[in-house]
Amino acid sequence: MDELEITSVGQFQTLVRYNNPVLVVKHPEKKGAPLTELEMKRPQTAGALLDTKRETEEILNSILPPRCWEEDGQLWQQSVSSTPATRQDVINLQEMLDTRLQQTQARETGICPVRRELYSQCFDEIIRQVTINCSERGLLLLRIRDEIAMSMEAYETLYCSSVAFGMRKALQAHEEKEMLRDRVKTLEMEKEALEEIIADMKLKQEQAERRNAELRASEEKKFTEEITFLKKTNAQLKAQLEGITAPKK
């Protein structure tokens, strides 16, 4: 019993058909006991049927291992049923599937773990029914089930890695966006400071131009007065010179 999964729940809800649970005996009777007279007189065909049934049960147990759980300090085991399924059993299975889908409010589209679990149970029950009639067909369905499960796990891993990658990219984009916002604020502050410097320099330029214009006007006025004075002085000196150099009569 070491290889069996032991749980603490005694009530299971599954679409797979199981036998009634049995109490696991801790000290089973010794094997190899002599056959009884009835067993010795059992027809050979009945023994062959019994071997076939045991083989089918072993295959079923390998496909769908027995469930074990502890309840009130006792260990219970429940193995999958080896009773062949009828057409009515298949119809009941379909009705049970639809009922469970409605009861659990499983989504009809998109990703839904509940819907996936119910369809997985339904597939296991179909494998059980097929295995009883043809073990080879059941084992082939088991390979298909395992391949589908492996593909789903690969898709889940890819989906989780994609979500993680998307989250990393989103966080990175958010951080870069915040950095760009801070950069924009810094540039705006630098722009305002430069605009203030430009405005101050323009004001100083206007003041300098005004002072230069006033100084130029003052210098031009001074030069004009000086030129006028020099011209007047030159004229006076010229007149005096002409008076001195003019011949006397």
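Along the sequence shown, residues carry numbers from 1.
- Contact between F123 and I148 at its shortest, heavy atoms only, is CE2-CD1, 4.5 Å.
- Taking 4.5 Å as the limit, some side-chain heavy atom of L118 sits within range of a side-chain heavy atom of L97.
- Looking only at side-chain heavy atoms (C-beta outward), T14 and R67 come within less than 4.5 Å of each other.
- Between the Q78 side chain and the P66 main chain, no donor and acceptor come within less than 3.5 Å of each other.
- Atom NZ of residue K204 and atom CD of residue Q207 lie 8.5 Å apart, to the nearest 0.5 angstrom.
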Next item on the list: Go through Q205 and E209 one step at a time and tell me if the side chain to side chain donor-acceptor pair (under 3.5 Å) criterion holds.
Entry: CA-CA 6 Å; Q205 180 186 5; E209 289 178 352; 3.2 Å; yes
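- The NZ atom of K185 sits 14.5 Å away from atom CZ of R183, with the distance rounded to the nearest 0.5 Å.
- A single hydrophobic cluster is not seen to contain both L140 and L142; linkage of ILVMFWY side chains at heavy-atom distances under 4.5 Å, directly or through other members, places them apart.
- Of all heavy-atom pairs between W69 and P21, the closest is CH2-CB, 3.5 Å.
- For the atom pair CG (D124) and OH (Y119), the distance works out to 14.5 Å, reported to the nearest 0.5 Å.
- The two atoms that bring T131 and G138 nearest to each other are OG1-CA, 3.2 Å, heavy atoms only.
- Between R17 and V80 there is no side-chain heavy-atom pair separated by less than 4.5 Å.
- Checking each of E125, E95, Q129 against V90 for a side chain to side chain contact (heavy atoms under 4.5 Å, CB included) leaves exactly one that passes, namely Q129.
- The side-chain heavy atoms of K221 and T224, taken from C-beta on, include no pair separated by under 4.5 Å.
- Residue E178 places its CD atom among more than 12 non-hydrogen atoms of other residues, nucleotides or ligands, all under 6.0 Å distant.
- Considering only heavy atoms from C-beta on, E147 stays 4.5 Å or farther from R143 through its side chain.
- For the pair R145 (side chain) and A149 (backbone), a donor-acceptor distance under 3.5 Å is absent.
- Connection of L75 to Y18 is not established within any shared hydrophobic cluster, with ILVMFWY side chains joined at heavy-atom distances below 4.5 Å, either directly or through further cluster members.
- Side chains of R128 and S81 form a contact here, defined as non-hydrogen atoms less than 4.5 Å apart.
- Rounding to the nearest 0.5 Å gives a distance of 13.5 Å between CG of D200 and CD of E195.
- Atom CD1 of I132 and atom CD1 of I127 lie 12.5 Å apart (nearest 0.5 Å).
- Between the side chain of T186 and the backbone N or O of D182, at least one donor-acceptor pair lies under 3.5 Å.
- Of the possible polar contacts, one joining the N61 side chain to the E57 backbone as a donor-acceptor pair under 3.5 Å is found.
- Counting heavy atoms from C-beta on, the side chains of C122 and L93 come closer than 4.5 Å.
- Across S82 and N19, no two heavy atoms sit closer than the pair N-OD1, 4.3 Å.
- The residues E188 and K191 are annotated as not salt-bridged, no charged nitrogen and carboxylate oxygen being separated by less than 4.0 angstrom.
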Next item on the list: Report the C-alpha distance between K222 and E219 in whole Å, list the side-chain angles of each, state the deciding distance to 0.1 Å, and finish with yes or no for salt bridge (charged side-chain N to carboxylate O under 4.0 Å, His left out).
Entry: CA-CA 5 Å; K222 180 180 178 182; E219 292 292 333; 5.2 Å; no
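- Between the side chain of S161 and the backbone N or O of T157 there is at least one donor-acceptor pair closer than 3.5 Å.
- Listed here is the closest heavy atom pair of V16 and Q121: CG2-O, 3.5 Å.
- A donor-acceptor contact shorter than 3.5 Å links the side chain of S62 to the backbone of I59.
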Next item on the list: Applying side chain to side chain donor-acceptor pair (under 3.5 Å), run through D98 and Q94 and close with a yes or a no.
Entry: CA-CA 6 Å; D98 295 336; Q94 180 178 357; 4.5 Å; no
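- Looking at every heavy atom in both residues, L15 comes nearest to R100 through CD2-CG, 4.1 Å.
- Proximity of a side-chain donor or acceptor of N92 to a complementary backbone N or O of Q88 within less than 3.5 Å is detected.
- Two different hydrophobic clusters hold L187 and M179 under the rule that ILVMFWY side chains link at heavy-atom gaps under 4.5 Å.
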Note to self: Evaluate R168 against Q172 for side chain to side chain contact (heavy atoms under 4.5 Å, CB included), listing each step before the verdict.
What the structure shows: CA-CA 6 Å; R168 288 196 302 270; Q172 184 179 357; 6.0 Å; no
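- F165 CZ to C160 SG: the interatomic distance, rounded to the nearest 0.5 Å, is 15.5 Å.
- Of the possible polar contacts, one joining the D89 side chain to the T86 backbone as a donor-acceptor pair under 3.5 Å is found.
- Residues M152 and R116 meet the side-chain proximity criterion, which asks for heavy atoms closer than 4.5 Å.
- L139 and I144 fall within a single hydrophobic cluster, where Ile, Leu, Val, Met, Phe, Trp and Tyr are joined by side-chain heavy atoms under 4.5 Å apart, directly or via other members.
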